[in-house]
Visitor: 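Got a structure for you, questions after.
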Amino acid sequence: GSMNNVPKSKLTKLHKMPGIKDVLGDYTEITYTQYNAIKLVMDGKQGKAKTSRELKRSNSWLDKRIHAIDENKYYITENE
């Protein structure tokens with residue numbers, strides 16, 4: 001996973017936490033709001049198009065996170 005789209009301020013905070021560097025590579029950052037919205041899609045309660053519009057993200061962005069949640073390779077962060 002690339003870290004290009006993670007805000008620098010978040011990265012510096014994370015890097016101060018011991019041991020997190022090791023796991024970050026494979027893990028996807030998801031905020032509480034995004035997680036809840038993505039879970040609706042995964043449970044078939046809301047369409048992907050509507051969700052990506054609400055989150056102002058692309059379908060591929062959504063797919064990546066659905067995949068990450070499926071594989072338990074994600075970490076939840078606070079909303080901005």
Visitor: Applying side-chain contact (heavy atoms from CB on, under 4.5 Å), can you list everything that pairs with Tyr35, at least two apart in sequence or on another chain?
Guide: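 Partners of Tyr35 under the side-chain contact (heavy atoms from CB on, under 4.5 Å) test: Ile30, Lys39, Ile69, Tyr74, Ile76.
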Visitor: Which value, rounded to the nearest 0.5 Å, describes the distance between Leu62 atom CG and Met42 atom CE?
Guide: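 With rounding to 0.5 Å, CG (Leu62) is 10.0 Å from CE (Met42).
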Visitor: Please check if the side chain of Glu71 supplies one atom and the backbone of Ala68 the other of a donor-acceptor pair under 3.5 Å.
Guide: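 Checked: no pair found.
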Visitor: Not counting sequence neighbours, which residues clear salt bridge (Lys or Arg N to Asp or Glu O under 4.0 Å) with Lys73? List them please.
Guide: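 Listed in chain order: Asp26.
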Visitor: Nearest 0.5 Å, what's the NZ-CG distance between Lys64 and Asn59?
Guide: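 Atom-to-atom, Lys64:NZ and Asn59:CG are 15.0 Å apart.
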Visitor: Would you mind reporting whether Leu55 and Trp61 have side-chain heavy atoms less than 4.5 Å apart?
Guide: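 Answer yes - side chains close enough.
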Visitor: Under 3.5 Å, side-chain donor or acceptor atoms of residues 44-51 against the rest of the protein: list the pairs with distances, not counting sequence neighbours.
Guide:
{"unit_1": "Gln46", "atom_1": "NE2", "unit_2": "Thr51", "atom_2": "OG1", "d": "2.9"}
{"unit_1": "Gln46", "atom_1": "NE2", "unit_2": "Glu54", "atom_2": "OE1", "d": "3.2"}
{"unit_1": "Lys48", "atom_1": "NZ", "unit_2": "Asp63", "atom_2": "OD1", "d": "2.6"}
{"unit_1": "Lys50", "atom_1": "NZ", "unit_2": "Glu54", "atom_2": "OE2", "d": "2.9"}
{"unit_1": "Thr51", "atom_1": "OG1", "unit_2": "Gly47", "atom_2": "O", "d": "2.9"}

Visitor: Carefully, step by step, assess Ser60 and Ser58 under the rule side chain to side chain donor-acceptor pair (under 3.5 Å).
Guide: CA-CA 5 Å; Ser60 59; Ser58 65; 3.1 Å; yes
Visitor: Heavy atoms only: give me the nearest Gln34-Glu29 pair and the separation to one decimal.
Guide: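 It is OE1-O, 4.4 Å.
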